[in-house]
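The figures here come from the full heavy-atom set of this structure, side chains too, leaving out hydrogens, waters and symmetry mates. Every chain is numbered from 1 and lettered A, B, ... according to where its sequence line falls, protein lines coming before strand lines.
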There are 2 protein chains.
Amino acid sequence: MSKEADKIVQILKSKGLRVTPQRFAVYSNLLNRQDHPTAEQILVSLNQNSPTSSQATIYSSLQALRDVGLVREVLLEEGVCRYDANVSSHHHFRCKKCGCIEDIPWEQVEDVRFKALRPGLTVEQYEVTVQGVCDRCQ
Amino acid sequence: MSKEADKIVQILKSKGLRVTPQRFAVYSNLLNRQDHPTAEQILVSLNQNSPTSSQATIYSSLQALRDVGLVREVLLEEGVCRYDANVSSHHHFRCKKCGCIEDIPWEQVEDVRFKALRPGLTVEQYEVTVQGVCDRCQ
DNA sequence: CTTTGTGCAAACGATTTGCAGGATG
DNA sequence: CATCCTGCAAATCGTTTGCACAAAG
């Protein structure tokens, strides 16, 4: 087993998850892609060569991974739930033309300052969603 | 007909929409509430006294209103699509305890500055989603 | 060997659609 | 009176669930 695969196994174990081929596949697929796939896209990707996981298993793996904080959902379009294995604080960019989505590292957005936010509201976290045009679509 | 009702009629007409009782009801309901209701909540609200609009009509009215830019969708939770008649630039706050959502006026968030955003990305707009605790839940 | 995960198919909930009758401009 | 909207019920889409069998620790 490669070092990377071993690392993924360790991560899963450290979160108390049983390591099954399907769960491993879902998580490493998500770790290795930079787009923000939907459950359906992960299913297609995993099964394109040989059947690896069923639809129900993809969903339950994603749920398990989300529950232990290894993946998060990204909601930018109506009716579309995407998944992201990058759970550190970051923002998202979405191209209005091709619909591609990419991460914006936290450091690239200077601190957002709240001026006179309605008294009583306690801010715990915030996320900036940027819409625009990507380089390929310019 | 009241002045407000007349104003709503004018707005709908100015957008090229036929004014039907159902469409009027959906739009004015949305204008008069400060929460960000789902289609279902609008349906219940409109029909609580007497039947006003069917489910399918609520959806098609919302779609028509969205198409002409009178309402927008607000996506903050998985599988929940909310509607907002405030289409001016603004941000959203969501209470992690009670789940209530409220608008944050644009001016309350100082300009967000992007530092070294990946070259090639053109920013057209952005929205800040704040999560925290509201005053009622403190 | 106990617990948890998988796969299948059926169930589900939110939204959409087809169509016939009704209202709008 | 032509066009567009409404309401109903059926269809659809993404996601969840129940259950019998299989795999993990």
Side-chain angles (χ1 to χ4, degrees), chain A residues 1 5-6 8-29 36-47 50-68 70-83, chain B residues 1 5-6 8-29 36-47 50-68 70-83:
Chain A
M1 191 177 267
D6 198 45
I8 292 176
V9 170
Q10 294 314 316
I11 294 173
L12 293 174
K13 283 189 177 171
S14 75
K15 292 291 185 175
L17 294 181
R18 279 195 183 177
V19 180
T20 66
Q22 294 84 347
R23 206 167 266 177
F24 178 90
V26 170
Y27 188 47
S28 57
N29 183 266
H36 295 64
T38 61
E40 169 69 15
Q41 290 171 328
I42 295 171
L43 177 71
V44 169
S45 166
L46 293 182
N47 293 346
S50 55
T52 306
S53 318
S54 73
Q55 186 196 50
T57 301
I58 301 280
Y59 280 105
S60 89
S61 297
L62 286 171
Q63 205 167 301
L65 290 165
R66 179 184 49 186
D67 288 349
V68 300
L70 288 178
V71 309
R72 65 144 113 162
E73 289 155 358
V74 178
L75 306 172
L76 300 174
E77 302 145 273
E78 195 201 328
V80 181
C81 182
R82 300 173 173 285
Y83 292 89
Chain B
M1 190 179 267
D6 198 45
I8 293 175
V9 169
Q10 293 315 315
I11 294 174
L12 293 173
K13 283 188 177 171
S14 75
K15 292 292 186 178
L17 294 180
R18 280 195 182 175
V19 181
T20 65
Q22 294 83 349
R23 207 167 266 177
F24 178 91
V26 170
Y27 189 46
S28 58
N29 182 265
H36 295 64
T38 61
E40 170 69 15
Q41 290 171 327
I42 295 171
L43 177 70
V44 170
S45 167
L46 293 183
N47 293 344
S50 55
T52 306
S53 319
S54 73
Q55 186 195 49
T57 300
I58 301 280
Y59 279 105
S60 89
S61 297
L62 286 171
Q63 204 166 302
L65 290 164
R66 179 184 51 189
D67 288 349
V68 300
L70 288 178
V71 309
R72 64 143 112 164
E73 289 154 357
V74 178
L75 307 171
L76 300 174
E77 303 146 272
E78 196 200 327
V80 181
C81 182
R82 300 173 173 286
Y83 292 89

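- Spacing between atom NZ of B:Lys13 and atom C1' of C:dT24 amounts to 10 Å, rounded to whole angstrom units.
- Side chain of A:Ser28 to backbone of A:Phe24: a donor-acceptor contact under 3.5 angstrom is found.
- With rounding to whole Å, A:Tyr27 atom OH is found 17 Å from C:dG5 atom P.
- Both A:Arg18 and A:Pro21 lie near DNA chain C, and the one whose nearest nucleotide falls closer to the 5' end is A:Arg18.
- A:Gln22 has its CD atom 11 Å from the P atom of C:dG5, to the nearest Å.
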Item checked: Residues A:Val19, A:Ile8; criterion side-chain contact (heavy atoms from CB on, under 4.5 Å); working and verdict -> CA-CA 9 Å; A:Val19 180; A:Ile8 292 176; over 6 Å; no
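- Distance CD1 (A:Ile58) to C1' (C:dC8): 15 Å, rounded to an integer number of Å.
- Along DNA chain C, the nucleotide closest to A:Arg23 and the one closest to B:Thr20 are compared, and the more 5′ of them pairs with A:Arg23.
- Rounded to whole Å, the distance from CZ on A:Phe24 to P on D:dA23 is 19 Å.
- As a whole-Å value, the separation of A:Leu12 CG from D:dA23 P is 19 Å.
- Between A:Leu46 and A:Thr52, the closest heavy-atom pair is O-OG1, 2.9 Å.
- Note: CG (A:Leu17) to C1' (C:dT3) measures 14 Å, nearest angstrom.
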Item checked: Step-by-step side-chain contact (heavy atoms from CB on, under 4.5 Å) determination, A:Thr38 to A:Gln41 -> CA-CA 5 Å; A:Thr38 61; A:Gln41 290 171 328; 3.3 Å; yes
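- Taking only side-chain nitrogens and oxygens, A:Thr57 comes nearer than 4.0 Å to OP1 or OP2 of C:dG7.
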Write out a two-atom table: protein N or O, nucleotide N or O from nucleotides 13-17 of chain D, distance below 3.5 Å.
residue: D:dT15; atom: OP2; partner: A:Tyr59; partner atom: OH; Å: 2.2
residue: D:dT15; atom: O5'; partner: A:Tyr59; partner atom: OH; Å: 3.2

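- Between A:Ser53 and A:Leu43, the closest heavy-atom pair is O-CD1, 3.5 Å.
- When all heavy atoms of B:Ile58 and B:Ala39 are compared, the pair lying nearest together is CG2-O, 3.9 Å.
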